[in-house]
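Letters A, B, ... mirror the listed sequences (proteins, then strands); counts begin at 1. Below, each value reflects all heavy atoms present in this structure, side chains not excepted, and no hydrogens, waters or symmetry copies.
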Amino acid sequence: MTEQVAPATPASNDWRRTSPVAIVFFFLSVLRAAINAGWYALVGVWGAIQAGKAAFILPALAILGLVLTIYAALSWLRFRYRLTSNKILLRKGILQRDQVTVEFDKVQNVRVLEPVYARPFGLALLEIDTAGSAQREITLGGIELPLARELRDRIVGHQGQKTALSDELEDTAESLSKPGETIIARDNKDIAIYGLTHNGLVWVAAVIGGVFSQVDDNAWLNPQRLFTWMNVDAWPLWQLASLIVLALCLLPLLSIFGGLWRYQGYELDRRGDVYRRQSGLLSRHDETIKRHKIQAATWNQNFVARWFGRINLKLKQAKAGSAEAEIQGNQKSSFLVPVLRPPEAIALTNELLPGLQLTAPSFSRVHCTQYIKKYLLFGWSIPLTVLHLVLALTVGPWSIALAPLTIGLAATLLYLLWRRIGYAVHGEYGLLRTGFIGSKTTIFPLFKVQRVDLRQSPSQRKRGLAHLTLHLASHSMTVPYISLSDAQTIRDLTLFHIETDQRPWF
Amino acid sequence: MTFQNLALPVDTLPTATGLEFAPMAPNYPREVLVQSLLSWGIVILIALIPVAVVAKPPALRFALASIPAAALFLATLSTWLSLKGAKVKGYVLREHDIAFRRGLIFRKATFLAFNRIQHIELSQGPLQRRFGLATLKFFTAGGLSVDMKIDGLRREDAQKLRQLILSKIGRQQKLQ
């Protein structure tokens, strides 16, 4: 199969080095590691400035820079790779010398990155996530872009070999050699909207800032009093307030820039069952996903996206299976298609999940009063009590009178949360919607579920309700206070699909 | 409204409702009792140390005595609950999947299809060895921890169960 893909690779029997440009890559990664490990050294720098010993800082930084550069250069010198038809061998390490074998079958994810510093040289980084090896992530820094792309195609082509049926495999090999067909493209305006939607907290901060700046001198929340310890009480109040407002207006701008940096010029193309996205302002990202590897698709619409009427579609793949990979890899393991209009989102989801024919999904709801009552009683009663204790001690005992208000507020919040919870089954697919003001809808093939849990408390047993949890290879989902008969039917249907569907789930 | 475009009518589905769960090994509650008494015994002994060390004043001694008393109360409650819990546990082996039920107050049933099992682990603690019992742990993909843990099986049963499920997994993989 690999013979069909035109081998642009040079004779691969010898150990090869990457381009010297990779020194920049090694420098950046060791710098990142150094900052992660020693950010508290900044406190020392601050202390030195305070002590009037600023003169030592520049030479110290120069020495540090030199050491890191030497380290990066040595890392590059020691880093060698060898390609064979079905694996990559690596030799690396300055003091501790490692030899790593990356088998194409075991690769979870491949990305071709073109960072700013490598683009002028026509070079790229190949990032490879592997499953089941000690080294989880491997980066081939500074190889020629065509070679990176060809390796990526080879790895993606190989992935199907173990699990997919043979005709599907031929499809893959054939489709990889064909040029891609662009199915989604986003312009700068779309991506600017994405920048605004991808971080809802920015807006909360901006609103708080707006309120904060309107508080006048006599209010109990006097900013001047708050900032006394920062020694800024000498500043005129309006100056301080406008500074804060300016800073908070900058946040959405920064957010837009962040969005453009990563997703400018977004294009999604399709070659057979391989989907590929390319994007990035100066550093280009190039990532692929195979259709049969998708465990779930989610439609994310927070309140900003809701206001713009857009949906961010995320495709989830199986987790690598270690705690650390879950923490750092979550962002990477989901494949994003940003700011789709609802019809686009539905059409793309129907295409990505074979057999799905969604039009406008309708959802069933869970038990309203039980959901609100039980979460108020068992989930929120302790935080509410603590809140009232704090209020009683700081503001005065009369604040107990506010209890009906806070409880009412909590119940309203729970009502809003309940209103978003919805579940449905469409053919072979399960749908679950959650959310508060915005919403998040997960659509997943029932046969890819790994395990089903059904839980009942004594009061649920009396009322014929249950918690149903479906565990996917990517994440788990719980439907709380669902009617027992629906829970049982979904369980039976899910088990039926798992046990009768012969397609590979992974 | 919940179910749309299904391939087959819901009422023709094989159902897992009303399954007859087989109880755990007959001596499993006894093992749970011994386990609970042993671990709580250590806790109570440690809780007795302050009372034994402090000679006076009597008021303080009396106050310190409340610690082992509280431990004793918790020990009784927890032992009683785990004993009851051991009797509620049960499992069913079906053609294509395995179900495990547990929980005295919060009832929980887990369903695991054989063709999603990645590997199976059989383990035996020192106390379990004395009682001839074993624990079976099932792992699937994606889960960071064990997906189904059946303790209180007779060792021979656990071995047979593992063998049976492994052979079924093997057969399915050949089919694919």
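- Nearest heavy-atom pair, Asp453(A) versus Lys108(B), reported as atom, atom and distance to 0.1 Å: OD2-CE, 3.6 Å.
- For CD1 of Ile382(A), the number of neighbouring non-hydrogen atoms (other residues, nucleotides, ligands) closer than 6.0 Å is 12 at most.
- Summarising the geometry, atom CG belonging to Leu13(B) is positioned 10.0 Å from atom CG belonging to Leu495(A); distances are rounded to the nearest 0.5 Å.
- Remark: Glu499(A) CD to Glu95(B) CD distance equals 9.0 Å, nearest 0.5 Å.
- Within a 6.0 Å radius of CD in Gln357(A), no more than 12 heavy atoms belonging to other residues, nucleotides or ligands are found.
- In terms of modelled atom types and a separation under 3.5 Å, the side chain of Arg461(A) and the main chain of Phe106(B) share no donor-acceptor contact.
- In this structure, chain B has heavy atoms under 4.5 Å from both the backbone and the side chain of Leu493(A).
- Ranked by heavy-atom pairs under 4.5 Å with chain A, the first of Ala99(B), Gly103(B), Ala109(B) is Ala109(B).
- Other residues, nucleotides and ligands contribute more than 12 heavy atoms inside 6.0 Å of the CZ atom of Arg129(B).
- In this structure, the portion of Arg94(B) lying under 4.5 Å from any heavy atom of chain A is its side chain and not its backbone.
- Only the side chain of Arg491(A) comes within contact range of chain B, judged by heavy atoms closer than 4.5 Å.
- Distance check: His471(A) NE2 to Asp147(B) CG gives 7.0 Å after rounding to the nearest 0.5 Å.
- Shortest non-hydrogen contact noted between Arg451(A) and Val146(B) is NH1-O, 4.4 Å.
- Ranking Ser457(A), Ala466(A), Gly427(A) against chain B, the residue ahead of the rest is Gly427(A), based on heavy-atom pairs under 4.5 Å.
- Remark: the backbone N or O of Ile498(A) is paired with a side-chain donor or acceptor of Asn115(B) at under 3.5 angstrom.
- Dense packing is recorded around NZ of Lys374(A), with more than 12 heavy atoms of other residues, nucleotides or ligands lying under 6.0 Å away.
- Contact check for Pro361(A) versus Gln4(B): no side-chain heavy atoms found under the 4.5 Å cut-off.
- Counting non-hydrogen atoms of neighbouring residues, nucleotides and ligands closer than 6.0 angstrom, the CZ atom of Arg455(A) reaches no more than 12 such neighbours.
- Comparing Val10(B), Asp11(B), Thr110(B) by how many heavy-atom pairs each has under 4.5 Å with chain A, the most go to Thr110(B).
- Only the backbone of Leu104(B) comes within less than 4.5 Å of a heavy atom in chain A; its side chain stays farther off.
- Atom CD in Gln456(A) sits 8.5 Å away from atom CZ in Arg107(B) (nearest 0.5 Å).
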